[in-house]
Every structure is written in structure tokens, then in C-alpha cells.
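For reference, the structure discussed in these notes is given below.
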Amino acid sequence: GLDDARLAGPKAVAAVPQIVLLLRSGLPYPVAEAAIDTLSEIESPEVQAFVPYARHRDAKLRRAAVRALGKVTSVAAATDALRAALADPDALVRATAAIGLGSLKAHAALPDLFLALDHHIYEAAVSIGQLCTGADCDAFVGRMGKIPFDVLTTGIDPMLFRPEVSDDAKV
């Protein structure tokens, strides 16, 4: 049933309450991961149903939850969980959280992304490039020589192609 709902995407919105109920009752790992993925594919606003899984003891479930949080439309609820996931013991969870914050356009998370970048979570560079403005962009470019150049360019590229960043700032 979860596979059918996931394939139907937003058209399966009627299944959301049942999936949320399943997640809240606790599920074995493969079913929980499928339920989380299904909710994210349905684009459900029920983010709170899988936020607890971002702190689950199993790294695979944390990864699934953080991956799903990066796709949601309820930015405020997801941002806090993703910010906390930047300190996760699992490197893939940290990387996915950094990417998710950029995808959500979570501007409030910029200080956390800079801290993550300084702690070698290099995926934060892309998100910083997607979010920074003015002084934040300058601070990012100011890390040249402190972080690998190929990492820096992953953040500079999105910065250069953003129309809201002025030409002066780009230069």
C-alpha cells in the first residue's frame, strides 16, 4: 500500500492520516523508512510525524527522516530538526541535513551552516551559496584557503547564478 501511495504522489493525500498513525505507533525499520519516504513523495504537511525519526537510534532511519525533511513544504517545522541533525554522529545524516537546509531556503540556518562547514561538513557550502547575501557571501568567500577550493566552488556556483544577488556582490 505504501508503494502505491508513493507512486501516486500528491494524489494519495487521502492516505496521509493512516500513514501518520502508523508512524506514530512505531514500525519496524523497513516499513518506517517506506512510510517516511511515502509521506515526502505525497508532499504531506504532516512533518511532525517523522521529525522524531530524525533522532532515532538507527542511522538508516535518521537518514530517511532527514532526507524527507529536506523535501517538505513546512519549512519552520523541518528547519529545527535539520539544524539539530547537523550535529548527528552519522556523516551522511549531517551531509543530508546541510543539503536539506539549502533546499528549504532556511536563511535562519546560515550560522549553523557556517559552523558545519568549519567542521568539515562540506555539503554545507552548496547551501550557503544558495542562501547567503551580502556579508554572508563575503564571509563564505573569505574562507578561501581554509577549505578546499573545490568545496568553495560548490557554493560559489549557486551564488553566481542567483538573480537576487547583485552584480557588485558577485564581482
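The shortest distance between side-chain heavy atoms of Val31 and Leu22 does not fall below 4.5 Å. The side-chain heavy atoms of Leu69 and Val51, taken from C-beta on, include a pair separated by under 4.5 Å. In this structure, Glu41 and Lys71 have side chains that are in contact, with non-hydrogen atoms separated by less than 4.5 Å. Between Ile19 and Ile42, some side-chain heavy-atom pair lies under the 4.5 Å cut-off. Residues Leu86 and Leu115 are not in side-chain contact: their nearest non-hydrogen atoms beyond the backbone lie 4.5 Å or more apart.
Taken to the nearest 0.5 Å, the OG atom of Ser127 stands 8.5 Å off from the NZ atom of Lys105. Ile36 CD1 to Leu61 CG: the interatomic distance, rounded to the nearest 0.5 Å, is 5.5 Å. For the atom pair CD1 (Ile147) and NE2 (His120), the distance works out to 10.0 Å, reported to the nearest 0.5 Å.
The aromatic rings of His56 and Tyr53 lie parallel to each other, with less than 30° between the two planes, well short of the 60° mark.
Hydrophobic clustering places Met144 together with Met159 (ILVMFWY residues linked when any side-chain heavy atoms are closer than 4.5 Å, directly or through intermediates). Residue Leu92 is not grouped with residue Tyr122 when hydrophobic side chains (ILVMFWY) are merged at heavy-atom distances under 4.5 angstrom, including chains of intermediate members. Neither Val16 nor Leu7 shares a network with the other; the hydrophobic side chains, linked directly or stepwise wherever heavy atoms of I, L, V, M, F, W or Y lie under 4.5 Å apart, form separate groups for each. Two different hydrophobic clusters hold Leu82 and Ile99 under the rule that ILVMFWY side chains link at heavy-atom gaps under 4.5 Å. No continuous path of ILVMFWY side-chain contacts below 4.5 Å connects Phe50 to Leu21, so the two sit in separate hydrophobic clusters.
Between the Thr96 side chain and the Val93 main chain, no donor and acceptor come within less than 3.5 Å of each other. A donor-acceptor distance shorter than 3.5 angstrom exists from the side chain of Ser40 to the backbone of Asp37, with no hydrogens or angles considered.
Contact check on Asp90 versus Arg62 returns no salt bridge, with no Lys/Arg side-chain nitrogen under 4.0 Å from an Asp/Glu carboxylate oxygen. Taking 4.0 Å as the cut-off between side-chain N and carboxylate O, Lys146 and Asp118 do not count as a salt-bridged pair.
In terms of heavy atoms, Arg6 sits closest to Ala34 at NH1-O, 3.2 Å. Annotation for Leu23 and Ala32: closest pair CD2-O, 4.0 Å, computed over non-hydrogen atoms. When all heavy atoms of Pro158 and Val126 are compared, the pair lying nearest together is CG-O, 3.9 Å. Nearest heavy-atom pair across Ile121 and Arg94 is CD1-CD, 3.6 Å. The shortest heavy-atom contact between Ala5 and Ala12 is O-CB, 3.6 Å. Pairing each heavy atom of Ser103 with each of Gln130, the nearest pair is N-OE1, 3.8 Å.
Under the side-chain contact (heavy atoms from CB on, under 4.5 Å) rule, Arg143 has a single partner from Leu117, Val151, Ile128, which is Leu117. With Leu131 as reference, Leu110 is the one residue of Leu110, Leu104, Asp136 to meet the side-chain contact (heavy atoms from CB on, under 4.5 Å) rule.
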Chi angles and distances behind the side chain to side chain contact (heavy atoms under 4.5 Å, CB included) call for Phe140, Leu152 | CA-CA 8 Å; Phe140 176 66; Leu152 193 68; 3.7 Å; yes
